[in-house]
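Along the sequence shown, the residues carry numbers beginning at 1. Every number for a ligand or one of its atoms is a count from 1 in the order of the listing.
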Amino acid sequence: MALNPVLGKLVSKRVVLASASPRRQEILTNVGLRFEVVPSWFKETLEKSSFAAPYEYAVETAKQKALEVANRMHVKHLRTPDIVIGADTIVSVDEQILEKPVDKQDAYRMLSRLSGKEHSVFTGVAIIHCSSKGNQLETEITDFYEETKVKFSDLSEELLWEYIHSGEPMDKAGGYGIQALGGMLVEYVHGDFLNVVGFPLNHFCKKLAELYYPPPKHTVQHIKHDSIPSVDTFENLSDGESESSNFTEHKGAKKLNSSSMCPSRPVYNCENSSSVRTDSMVPLGNQNGASESAAKLPSKIVDLMDGFKASKALFVASKLKVFDYLKTKGPLKAVDVANEVGTSVCGTERLLDACVALGLLEKTSQGYSNTDSANTYLTSDGEYSLHGYIIHSNDHLWPLFTNLESAVREGSRQNHRAFGRKAEDLFKDYYHSQEVKQRFMAAMHSIAHLTARDVATAFDLSQFKSTCDLGGCTGALAHELIQIYPNMKVTVFDLPEVIANISYFQPSEQCAAPVTFLSGDFFKDNLPEADLYILSRILHDWPDERIHVLLSKISAVCKPGCGILLAEMVLDDEKKSRSTALLQSLNMLVQTEGKERSGSEYRGLLEQHGFANVKIKLTGNLLDVVLCIKT
Ligand SMILES: O=c1[nH]cc([C@@H]2O[C@H](COP(=O)(O)OP(=O)(O)OP(=O)(O)O)[C@@H](O)[C@H]2O)c(=O)[nH]1
């Protein structure tokens, strides 16, 4: 079964799963889909009686869940996803809709109603394609549902209560989990099992196939071996496309150039038509003229091979301030951009065209102009500018990463190879020159500012009256905390070299209460008193031994009930997902003795210093949040 072509269509897209359901996450992860999880805040309170059929309720709820996330990401985080997927699972029995039980009695009511009977499980799914036009969110919604019939055995009271006391029913539609203990209650299942678990994967893939490969309007009839079959299910597909394409795009039938059929190597479609792409491999005929299984261009691998070129094109355009010029003066022709920035016309034109293809610029007959996201993130002076981080990536991280092979061989940082000087201390390294220091601070500021809202709101922190952000740099998170908790006293504690340079980064509008900046070294000096200590992107800089030194210092000044809040990229325990975080761990390898850690690793470190009740929130943004309380 050729699943990859369908899911491969999503590889280059920012896909968001608008669901907190671990089952949905697992089903989609298991088939290799890469996505962010942003749980929906939509309350499942639609009036059930207003729907003619139960599935309509599930579909509408799925749609509202996904739309809420699409809107929130667009407005709040200024990050418009390409695709948001929402789902809602319900059980329907005796004309009643059952959702998740609210308590054990409710679970009892549900399960006794299901006992000995057949019921239907409906999962409604919404796939929302998003785009941003002039700051407006535009959406195209595709939805569907799947029904599975399930029959329960007769359940004794004893069995019922034993099952309820297991705790399993509480977060599951209809009060059971067919994939676990609940499977013992089931006599038969008619239909898609995964639909009961929470996500109808098969139907989802068929829907994607319909969207991305609609049947060709003019099927080529007269050619026996030289057309890719028209597509009616995703099983027939073999995709060679590596670039992202509009989801309504139709590839159409492609022909093999029979004269170029060569048995020993893949043949590229070289039809003499401008409308036919030439970058996809097409299947070879075998000796009998029958088509063998299709050779596919490994688009994921090609994207990875090209990744460094794309990064460098972005870095160079940023360094040359192309996005700044285009913001104020665009649209501009390549020759005008070249004159502005003092570069060659032919080189500039190629750079600009690459940026267009990468979605950073737009090109019309008037010339080149910024996309919305280039205006927001790539100009050097915007509120949400990533310019500082991009320049840091080009000037500091790039040379370090060129020595990744040595870092992997030796298991240690590579500052000496990249910069010809031995790294004594990570921060001494950054602060040896004013230019490097400011570049580093700008980089840290841009990430802190973009993630501050999600970090500050991951947990309710209103119980903490005073907070100290250790290594809080320019105070981006501190200012956000005061916005959200106006009565909180917030201190930033950082090295004197940092505190001396913060003024450039302070917001123009003053908050109700100002942030206090204090200089010091958290390894050497006394820590300011606070109810909550924040360590945002600090622990990942250090090896465990140094972390123990820092945590024991914090523990010594922390009273019971006080806490620590970490903001880090939290890895899953198996360290299998979130390539951003795992690549960041390589980033720590090439320049520090630190690393990114999993939730269990952070929990283990914190618990050794008397911190308990460790809660982890995956925000769906770059940084996740860990909160724990001193016992
Ligand atoms: O056999 C099983 N049946 C159902 C489930 C799980 O039940 C829930 C259904 O709830 P809902 O669709 O509202 O989804 P939530 O978990 O609340 O997450 P959202 O953030 O998407 O609203 C779902 O998790 C199913 O997986 C089960 O596990 N087994």
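The proximity of D171 to ligand 1, defined as any non-hydrogen pair under 4.0 Å, is limited to the backbone. When non-hydrogen atoms are compared, ligand 1 lies under 4.0 Å from the side chain of R23 (C-beta onward) but not from its backbone. Residue contacts with ligand 1, taken as heavy atom pairs separated by less than 4.0 Å, involve K100 solely via side-chain atoms from C-beta onward.
Ligand 1 places these atoms under 4.0 Å from at least one heavy atom of G177: 1 (O), 2 (C), 29 (N). Each of the following atoms of ligand 1 lies closer than 4.0 Å to a heavy atom of K65: 11 (P), 12 (O), 13 (O), 14 (O), 19 (P), 21 (O), 22 (O). Contact atoms of ligand 1 toward A173: 4 (C), 7 (O), 8 (C), 9 (C) (distance under 4.0 Å to a heavy atom of the residue). Less than 4.0 angstrom separates some heavy atom of Q179 from each of these atoms of ligand 1: 1 (O), 2 (C), 27 (C), 28 (O), 29 (N). Of all atoms in ligand 1, numbered sequentially from 1 with element shown, those under 4.0 Å from a heavy atom of A20 are 18 (O), 19 (P), 20 (O), 21 (O). Interface atoms of ligand 1 facing D88, defined by a heavy-atom separation under 4.0 Å, are 11 (P), 12 (O), 13 (O). In summary, the atoms of ligand 1 found under 4.0 Å from a heavy atom of I178, numbered by their order in the structure, are 1 (O), 2 (C), 29 (N).
Using cut-offs of 30° and 60° on the angle between ring planes, the pair Y108 and W161 is parallel.
The closest protein non-hydrogen atom to atom 21 (O) of ligand 1 is S19 OG, 2.6 Å. Looking from atom 14 (O) of ligand 1 to the surrounding protein, the closest heavy atom is R24 NH1, 3.0 Å. Closest to atom 16 (O) of ligand 1 among all protein heavy atoms lies S21 CB, 3.6 Å. Atom 4 (C) of ligand 1 has as its closest protein heavy atom V196 O, 3.4 Å. In this structure, atom 5 (C) of ligand 1 lies nearest to the protein heavy atom V197 O, 3.6 Å.
Salt-bridge annotation for D573 and R603: absent, with no side-chain N of the basic residue lying under 4.0 Å from a carboxylate O of the acidic one. Look at D106 and R109 and you find a salt bridge, because one of the NZ, NE, NH1 or NH2 atoms lies within 4.0 Å of a carboxylate O, short of that distance.
Between the side chains of T451 and N621, no donor-acceptor pair of N or O atoms lies under 3.5 Å. Donor-acceptor pairing under 3.5 Å is lacking for the side chains of E68 and Q64. No donor-acceptor contact under 3.5 angstrom links the side chains of E44 and T61, judged on distance only.
Remark: the backbone N or O of S120 is not paired with any side-chain donor or acceptor of E147 at under 3.5 angstrom.
In terms of heavy atoms, I484 sits closest to A456 at CD1-CB, 3.6 Å. Here the shortest heavy-atom pairing between K65 and A87 reads NZ-O, 2.9 Å.
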- Task: Take D624 and R578 through the test side-chain contact (heavy atoms from CB on, under 4.5 Å) and record every step on the way to the result.
- Result: CA-CA 12 Å; D624 304 308; R578 266 247 280 174; 2.6 Å; yes

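For a threshold of 3.5 Å applied to N or O pairs, the pair formed by K172 and ligand 1 contains no separation below that value. In terms of polar-atom proximity, P39 is not counted as a contact of ligand 1, lacking any N or O under 3.5 Å from an N or O of the ligand. The distance criterion of under 3.5 Å between nitrogen or oxygen atoms is met by E44 with respect to ligand 1.
In this structure, L532 CG and D469 CG are separated by 9.5 Å, a value rounded to the nearest 0.5 Å.
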